[in-house]
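Structure first, then comments.
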Amino acid sequence: MSAATATATRHELLAEGLSAPVELVELSGGEGPQTLALLGGVHGDEPEGVLAVRAVLRRLERLPLAGRVLAVPVASPTAWAAGARTSPLDGGNLARAFPGDGAGGETARVARLLHDRVIAPSTFLVDLHSAGADYEMPLFAGAIADDSDCGRASAAAARAFGAPRVWLHPHVNPGRTITAAAALGIPSVYVETGGGGNLRAADLDCYVDGVLRVMARLGMVDAEQAGVAAPPPPALTIADGSGDIDAGVRAPLDGWCATRVAVGDVVAAGEEIAELLDRDGRLHEVVRAARPGMVAMLRRRAAIAAGDLVCVLAPEPVA
Ligand SMILES: [Zn+2]
């Protein structure tokens, strides 16, 4: 293995029937067995990942690199252009569309393109998300940590990322990038943070340093040269649950959501999470924790419509 200053090649990936090309930046360093697939912007209202991928690429310009990086700053160009979670062309959620379908709609075609050209040729995947415009999430690194070599490598990388919380899933639902990677035997990590329409510099720093820490762990960069010290162990680990945010509590009416807790809080069974108010502010329902757990996602925008997600509770942390 030999590290060398990387050469960058920009590609515009296109497939039949796609309305917009997907930007891929390929960095080729010295010889090495690893190819890192790095994705941002799978959801179009999550600027953290998009900006962090571009920041990682700038950091790597000056660093000796062993192996290859396949970086896609904006995985869903049509959702990003609309500033929306899903593509306005077909309403598709790219994080539920993998491994994709080259004969499907816009979102299915993008998934297939990313699956074939970015994920399948890689040896490790990092997918950078955040809570999006209407929600808030605590900063954490997550992984499918099943009892396989792939699962063990994913869990170790999630711990090495340097996020204050780690969420290890025994399984996750189909359609996600990390599920598609696992089906190919490729280990992966995804990360989440704040969202809520604002951008925290410390979160961006954690994302960029975390990607470099994973790369150092894979032997692609030198941790000291990259300026990433070994992080403290995560303060909190969750070792159960699928992390599926579609499985959260939803509002039964149009009105207002008044939250009682903060994301990252660990709550007891029965503890109040939010009050759902009707349009005139009268209490309609108190949302309580059905079991002990960590508040993994919380409505940030006050106005709610029937069917909107109010909160997602992760299982109780193990440490
Ligand atoms: Zn996302």
Side-chain angles (χ1 to χ4, degrees), residues 22 37-54 56 71-88 90-100 106-108 110-111 114-115 118-119 125-144 154 158 161 163 165-167 169 172-182 188-200 203-204 206-208 210-211 241-248 263-264 295-301 308-312 314:
V22 178
L38 179 59
L39 300 180
V42 164
H43 293 127
D45 61 347
E46 300 175 359
E48 292 87 345
V50 176
L51 298 174
V53 170
R54 296 204 186 282
V56 166
V72 176
V74 179
S76 180
T78 55
W80 177 249
R85 178 173 173 81
T86 56
S87 171
D90 61 0
N93 178 354
L94 184 55
R96 299 291 176 274
F98 283 85
E106 177 83 7
T107 303
V110 171
L114 293 172
H115 178 272
V118 181
I119 295 175
L125 165 69
V126 177
D127 187 1
L128 303 173
H129 285 256
S130 62
D134 295 342
Y135 295 93
E136 198 173 1
M137 293 175 92
L139 174 57
F140 73 86
I144 305 171
S154 300
F161 194 91
R165 300 169 195 83
V166 167
W167 192 351
H169 311 288
V172 300
N173 288 344
R176 295 173 64 172
T177 57
I178 58 171
T179 331
S188 63
V189 167
Y190 75 98
V191 294
E192 297 280 5
T193 192
N198 81 357
L199 197 55
R200 285 167 285 270
D203 291 358
L204 276 181
C206 177
Y207 275 27
V208 174
V211 173
S242 72
D244 182 4
I245 61 156
D246 292 343
V263 289
V295 181
M297 190 179 205
L298 195 59
R299 180 84 185 169
R300 179 150 170 140
R301 188 188 291 270
D308 280 348
L309 199 59
V310 174
C311 71
V312 174

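Atoms within a ligand are numbered from 1 in the order they appear, just like the ligands themselves. From a predicted model like this one, the values you see are computed outputs, not experimental measurements. Throughout, numbering of the chain's residues begins at 1 and tracks the sequence.
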Within the side chain of Arg165, is there an N or O that forms a donor-acceptor pair under 3.5 Å with the backbone of Leu139? yes
Hey, does Asp308 have a side-chain heavy atom less than 4.5 Å from the side chain of Asp134? no
Applying salt bridge (charged side-chain N to carboxylate O under 4.0 Å, His left out), which residue pairs with at least one partner in residues 75-84 are found, sequence neighbours left out? none
Kindly write out the residues that satisfy side-chain hydrogen bond (donor to acceptor under 3.5 Å, both in side chains) with Glu46, not counting sequence neighbours, or none if the list is empty. His43, His129
Counting only pairs under 3.5 Å, give me each side-chain donor-acceptor contact of residues 71-80, with atom names and distances, residues two or more places apart or in other chains.
unit_1	atom_1	unit_2	atom_2	d
Thr78	OG1	Ser87	OG	2.8

Check the Zn ion (ligand 1) and write out every protein N, O or S atom at under 2.8 Å, as residue and atom. His43 ND1, Glu46 OE1, Glu46 OE2, His129 ND1
Should Val22 and Val118 be marked as a side-chain contact (heavy atoms from CB on, under 4.5 Å) after you check the CA-CA gap, both sets of side-chain angles, and the distance that decides it? CA-CA 11 Å; Val22 178; Val118 181; over 6 Å; no
